[in-house]
Amino acid sequence: MEKFKKLQHIFKGDRIIWIVFFLLCVVSVIEVYSSSARLGYRSGNYWWAPAYHTVLLLVGTFFMVVTLNIPCRYFKVTTPVMFLLSIVLLVLVYFIGTKENDAARWIRLGFIPLQPSEIAKGTLVLTTAHILSQLQTPDGVSNSAFKYIIITSSILIGLVFPENFSTAALMGIVVFIMMFIGRVSIKQLFGLTAFVIVTGAIVTSLVMLVGKSSAERTITTNVQKTDGQEYAAANAAEEDGTKVIKRGGILHRMDLWKDRIETFLNTEKVPPEEYDMEKHEQEARAYIAIASSDIVGRGPGRSVQRDLLPLAFSDFIYAIIFEEFGLFGATVVAFLYIVLLFRTGIIAHQCENTFPALLAMGLALMIVVQALFNMAVAVGLAPVTGQPLPFISKGGTSCIINCIYIGVILSVSRTAKKRMKKATA
């Protein structure tokens, strides 16, 4: 009994949230071990990737326990500090950030790389919840709340957007849903929707006009150079008898976006012998993994595509889950995220005050919408975004930050003031 009481003292808060978190961690350890087989083969250490990931989960769990013991009313006090910290880190990453896939997203801090956009996501939710709670009226939220949310969101999303479009889009979607839940005027939300659609159309057109696909960036080596081509040649990399033009600044992101848009919108049926596996290897291997999974899957650790799929332990780990656990297992994993969202909704509904309710819902939405993005990419319902699967993909900052998000939700579940139950006859 004493041991049980000690466990209860540690695992405070909503039990269903704890169960969902624990099950996702179990799936994560199994799948990271399985999907990182090629990485282990190259390094000669098969246990490094799963051991590293397990340590990160344990560190994240520690911070989660610390966070859930903080009364939720104190989170509101940290809003201005977190907002300024996020801006500083997002600016710093442009100057001292480590580039990966032509994007500066990480700041190296020794053992764990820091990804400022992960901190910015939680900060945006915190800021939005703060503004909505402060400006609530009996008839809904004040019209001025919309203005303040747009200003703060534009700053953080604007800093994230150039190097990480998918994360910026994720942040925008979550803020929009929070404003709807927070009773922002439908007229204002409709106007924002129209603005986003028009802006999205303009940006997409600009990407398609200015961006260059991989074919357009490639020139043959035997082309006679002119004065204008000297610059291209100086910035070109030789690959199989060709020169690939490399462009800097925001242009290199536009080139990538154009490639992904064209790939996603291309519905032309290509014969297997003509399919370009080098250009679309990730998507193709993911589809093969899903198609060969059957209902029950191949079984844990028996994936074939994990040895062929680049970064199988990260962006496309859901395809490996599909291959090994089949349709049933993949559905169960998706269901766990839905349970997390609905359970958080129940917790939020029980809160008497607006701030903890919106904070918990915003963080749950951030986790679940990102998970849905990742799953949609794996099954071909969305263009490749580079979003990891929360708690399951091998990661650094994102793993620990997501654990802190769960800690905040658990803190709300145990410390937020509850609604008084109506007396029954």
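Computed from a prediction, not measured in an experiment: that's the story for all the values here.
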Can you give me the closest heavy-atom contact between [X] and [Y], atom names plus distance?
| X | Y | answer |
| --- | --- | --- |
| H53 | I392 | NE2-O, 3.9 Å |
| A378 | A319 | CB-N, 4.2 Å |
| A129 | L358 | CB-CB, 3.9 Å |
| A120 | L90 | CB-CD1, 3.9 Å |
| L327 | T331 | O-OG1, 2.7 Å |
| F21 | C403 | CE1-SG, 3.8 Å |

### Task
Apply the side-chain contact (heavy atoms from CB on, under 4.5 Å) test between F146 and each candidate in V184, V141, I151; give the one that qualifies.
V184
### Message
Exactly one of V20, D14, T67, L340 should register a side-chain contact (heavy atoms from CB on, under 4.5 Å) with I406. Which one does?
### Response
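With I406 as partner, side-chain contact (heavy atoms from CB on, under 4.5 Å) holds for just one option, L340.
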Look at the side chain of [X] and the backbone N and O of [Y], then say whether any donor-acceptor pair between them is shorter than 3.5 Å.
| X | Y | answer |
| --- | --- | --- |
| T167 | N164 | no |
| Q188 | N143 | yes |
| Y148 | I131 | no |
| T79 | K76 | yes |
| S413 | L410 | yes |
| Q370 | P388 | yes |

Say you draw a straight line from [atom1] of [X] to [atom2] of [Y]; how long is it, rounded to the nearest 0.5 Å?
| X | Y | atom1 | atom2 | result |
| --- | --- | --- | --- | --- |
| I157 | F165 | CD1 | CZ | 11.0 Å |
| C72 | K417 | SG | NZ | 12.0 Å |
| E118 | N402 | CD | CG | 6.0 Å |
| I346 | I17 | CD1 | CD1 | 9.0 Å |
| T128 | I181 | OG1 | CD1 | 11.5 Å |
| S154 | I149 | OG | CD1 | 11.0 Å |

So do the side chains of [X] and [Y] get within less than 4.5 Å of each other, counting heavy atoms only?
| X | Y | answer |
| --- | --- | --- |
| I404 | M64 | no |
| L57 | C399 | yes |
| S185 | F190 | no |
| Y337 | L389 | yes |
| L24 | S28 | no |
| M361 | L341 | yes |
| F180 | I186 | yes |
| R183 | Q136 | yes |

### Message
What verdict does the side chain to side chain donor-acceptor pair (under 3.5 Å) test give for T123 and S86, after you've listed the backbone C-alpha separation in whole Å, the side-chain angles of each residue and the deciding distance to 0.1 Å?
### Response
CA-CA 7 Å; T123 300; S86 297; 2.8 Å; yes
### Message
If only side-chain N and O atoms count, and only distance matters, is there a donor-acceptor pair under 3.5 Å linking Q115 with S398?
### Response
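On atom types as modelled, these side chains do not qualify, holding no pair under 3.5 Å.
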### Task
Evaluate the side chain to side chain contact (heavy atoms under 4.5 Å, CB included) criterion for residues I173 and F373: first the C-alpha distance (whole Å), next the side-chain angles of each, then the deciding distance (0.1 Å), finally the verdict.
CA-CA 11 Å; I173 290 171; F373 264 169; 3.7 Å; yes
### Query
Checking side chain to side chain contact (heavy atoms under 4.5 Å, CB included) for the pair L135/S144: CA distance, chi angles, key distance, verdict?
CA-CA 8 Å; L135 298 175; S144 60; 3.8 Å; yes
### Task
For F325 and E31, run side chain to side chain contact (heavy atoms under 4.5 Å, CB included): C-alpha distance rounded to whole Å, both residues' side-chain angles, the deciding distance at 0.1 Å, then the answer.
CA-CA 10 Å; F325 291 95; E31 288 307 301; 2.9 Å; yes
### Message
Please determine whether side chain to side chain contact (heavy atoms under 4.5 Å, CB included) holds for the pair T78 and Y74, giving the CA-CA distance in whole Å, both sets of side-chain angles, and the decisive distance to 0.1 Å.
### Response
CA-CA 7 Å; T78 66; Y74 291 119; over 6 Å; no
### Message
Can you confirm whether F176 is buried at CZ, in the sense that more than 12 heavy atoms of other residues, nucleotides or ligands lie under 6.0 Å from that atom?
### Response
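Counting other residues, nucleotides and ligands, CZ of F176 exceeds 12 neighbours.
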